[in-house]
Amino acid sequence: PAEGMPDWGRDVFPAMVAAGQPLLAYRSVEYIKDIGTPDRLARGERDVASGRVARLRAGTPKPAIFLDRDGVLNQEIGGVHRPEDLILAEGAGQALRRVNQAGIPAICVTNQPDLAKGKMRAEHLRAVHAKLDTALAQQGAYLDDLLFCPHHPESGWKGEVPELKIACQCRKPAPGMLLRAARRHGLDLARSWMIGDRAVDIAAAHACGARAILLHAGADLPPWPAGGKHPDHVCATLDAAIDFALEAIG
């Protein structure tokens, strides 16, 4: 602009959109910070000195904390099909913020079989996840990545999407989403933790060599699949699970 401070979001991106230019996103767990003020520059220098920048480089194997979505990050209501249906679980933003502050990638991996069943469309899921990002941001937290499985192996639902009714390798308890995240971000799965509220979450973690925390408030484990490996730890709250995972990662 002729006057004032320039800004990417205000001056550059809108002009590109107006001119029909493409805008592409590069989603990464690498260290990316705005250092446009002396305070931010000083913070960036401290992070370089502490080794945080080096630990988050693309080529450096790093641990991550994986989180299920429904029942962990947001309230379980039997299907979140609209943005207004999504309500953060109590304390989710504050707990996730501690993961962000620790410099550990936080990655959501979620089964979304209602896409295959025809109960919602892809644009609805994008809107739900935009609401999740916004709700977390309002509490100073963010996800480094979010992967979802749209498949379901069984047919028989009215309006189902045939091409999504398949047996895949990404639907938990299969480890496909965790393996894809590991390839994308250079993760060390043996040092990583999965936090989930169901046996399929625990099984997906163990299938790729990660460890797992079950969110469960009861004194005893819920009914467990025959032969299924039990979780490495059990916590009643996400806050406690995050504390345990961060301490274990060190």
Residues 167-179, side-chain donor-acceptor partners within the protein, below 3.5 Å, at least two apart:
{"from": "K172", "atom 1": "NZ", "to": "D68", "atom 2": "OD1", "distance (Å)": "2.9"}
{"from": "K172", "atom 1": "NZ", "to": "V109", "atom 2": "O", "distance (Å)": "2.8"}
{"from": "K172", "atom 1": "NZ", "to": "D201", "atom 2": "OD1", "distance (Å)": "2.7"}

**Report entry** E90, CD: over 12 other non-hydrogen atoms inside 6.0 angstrom
**Finding:** no

Query raised in the report: Taking everything shown except R57 itself, do over 12 heavy atoms lie less than 6.0 Å from its CZ?
Result: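 Not buried by this count: 12 neighbours or fewer within 6.0 Å.
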
**Report entry** salt bridge (charged side-chain N to carboxylate O under 4.0 Å, His left out) involving E84 - partner list, sequence neighbours excluded
**Finding:**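 By the salt bridge (charged side-chain N to carboxylate O under 4.0 Å, His left out) rule, E84 matches R82.
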
Report task. Could you tell me whether the side chain of Q101 and the main chain of G103 form a donor-acceptor pair under 3.5 Å? Result -> no

Query raised in the report: Donor-acceptor pair, T60 side chain versus L56 backbone, under 3.5 Å?
Result: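 Not at all, since once roles are kept as given, no pair shorter than 3.5 Å links the two residues.
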
Query - Steps toward side chain to side chain contact (heavy atoms under 4.5 Å, CB included) verdict (I107, L67) - result: CA-CA 6 Å; I107 300 175; L67 305 107; over 6 Å; no

Query raised in the report: Relative to the ring of W8, is the ring of F13 parallel (under 30°), tilted (30 to 60°) or perpendicular (over 60°)?
Result: tilted

Query raised in the report: Taking only residues two or more places apart in sequence, or in another chain, which ones meet F244 in a ring-ring contact (aromatic ring centres under 6.0 Å, His included)?
Result: W193, H233

Report task. State which residues pass ring-ring contact (aromatic ring centres under 6.0 Å, His included) with H216; sequence neighbours excluded, sorted by chain then number. Result ->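 Checked H216 against ring-ring contact (aromatic ring centres under 6.0 Å, His included); zero matches.
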
Query - Pairs flagged by ring-ring contact (aromatic ring centres under 6.0 Å, His included) wherever residues 106-148 is involved - sequence neighbours left out - result: none

Requested in this report: Sort and list the pairs that fulfil ring-ring contact (aromatic ring centres under 6.0 Å, His included) and have at least one residue in residues 149-189, not counting sequence neighbours.
Outcome: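 Residue pairs with at least one partner in residues 149-189: H152-W157.
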
Query raised in the report: Is any side-chain heavy atom of R55 closer than 4.5 Å to a side-chain heavy atom of K62?
Result: no

